[in-house]
J.: 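Got a structure for you, written out below as structure tokens; questions coming shortly.
Read the numbers this way: they start at 1 and go in the same order the structure lists the ligands and their atoms.
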Amino acid sequence: MEALKRVRVSRAALAHNFELCRRQAGTAGIIALVKADAYGHGMLECAQCFARLGASGLAVAEAIEGVELRKAGLALPIYVLAGLAPQSIEAIVTHRLTPVVSDTQMLLLLAREAERSGRPLAVHLKVDVGMGRQGALPGEFPVLVQQALGTAWIKVDGLMAHLPKGDERSAIHSNQVLADFTRVSKEALQLIPQPCSLHLANSGGLFYVTGAGFDLVRPGIALYGYYPDGRSGREAATEPRLRPAMQFSAIVLQVRQLPAGQTVGYDCTFTTTRPTTLAVLPVGYADGYLRKLSGRAQVLIGGQRAQVLGRISMNLTAVDISHIHGVQAGDEAVLLGRQGGDVIDADELASWMETINYEVLCLIGRLNSREYIDE
Ligand SMILES: *Cc1c(COP(=O)(O)O)cnc(C)c1O
């Protein structure tokens, strides 16, 4: 049976964005970020797509995601960026995942498990240059590096840091972080006899911070078609044009005529002031179309914008189509994406939701059934 609503992910858009990232990265290899179910676009599908396109590695938040990728047959390096706990150590060693390590305690646990199972483990070490979440502070970093180098069964394969303001086009702050990372990693490299790769840039670092490329880059949001600052290259026309990969649409359940003076939705927050034609859509906050969008959001029907009226419910939303003629039950409404000559992108939805495009994609992508298209 055909779904009443669905997320469509364009593989062609993913490929287009990957190619733009690759051009921007120059000689640096690309670690494709597929955490959070590939920002709602589907981890396995996206990982396979980026692997085919020539990614140097994949990155996830937690080991459990990496295990799923290995079980699906993905053989390239898989970096576990965030969730490193005693509970993840066995899976990391067994499945040859590459953890990002920030403290010596974890190094010892990893080394013990590597020795126990007879498998040497490559790790990347993280320096904290201002993010303040994970990583060793610059002053502590040489100790961490030396400890790792002196630990049997552990191989130091990379050094990395994360940009706290990667979404800022004016790179003043990021340039300071870049300078700090360059200095700290250069010093550390002198201690490391074997080849060791450096990486710093997320999407913002890749597109906004000159010289942040190093050996590897770690774009996430750009692969899915958005700039991190929510402007998607519209105002900055000099930047390469990324292509949003996700569309979210629903079919119209019912078209209704309401007289003036009729309330719409829970709590009766909206009252018609004139005879109004409504379209009822099978979408609500349970699908990630947040209640915050009540009375604020618009959707596309017949290539035109229709305003959400009243509260969004768990599974239903009403929109005003008084100005759009000929709409019938079964027609398609686009909540995220393009229809006719108009487009509602995740940046616009994010402004209505008072959040960022990342959160819109994660929510809508993960709460709805997805299909993949090639155009
Ligand atoms: C999520 C993440 C990225 C990717 O960030 P984007 O802004 O989506 O490009 C890069 N590096 C690390 C450590 C991350 O956690």
J.: When you check the gap from the basic side-chain N to the acidic O, do R366 and E359 get nearer than 4.0 Å?
T.: no
J.: Could you list the residues that satisfy side chain to side chain donor-acceptor pair (under 3.5 Å) with T98, not counting sequence neighbours?
T.: none
J.: Residue by residue, ordered by chain and number, which ones reach under 4.0 Å of ligand 1 with a heavy atom?
T.: L33, K35, Y39, L81, H162, N202, S203, R218, P219, G220, I221, Y358
J.: What orientation do Y227 and Y208 show, parallel under 30°, tilted 30 to 60°, or perpendicular over 60°?
T.: parallel
J.: Tell me which pairs pass side-chain hydrogen bond (donor to acceptor under 3.5 Å, both in side chains) where either residue lies in residues 52-73, with sequence neighbours left out.
T.: none
J.: Parallel, tilted or perpendicular, judged at 30° and 60°: which one describes the rings of F181 and F214?
T.: perpendicular
J.: What donor-acceptor contacts under 3.5 angstrom involve side-chain atoms of residues 324-337, with partners at least two apart or in another chain?
T.:
| from | atom 1 | to | atom 2 | distance (Å) |
| --- | --- | --- | --- | --- |
| D331 | OD2 | Q328 | N | 2.9 |
| E332 | OE2 | S249 | OG | 3.1 |

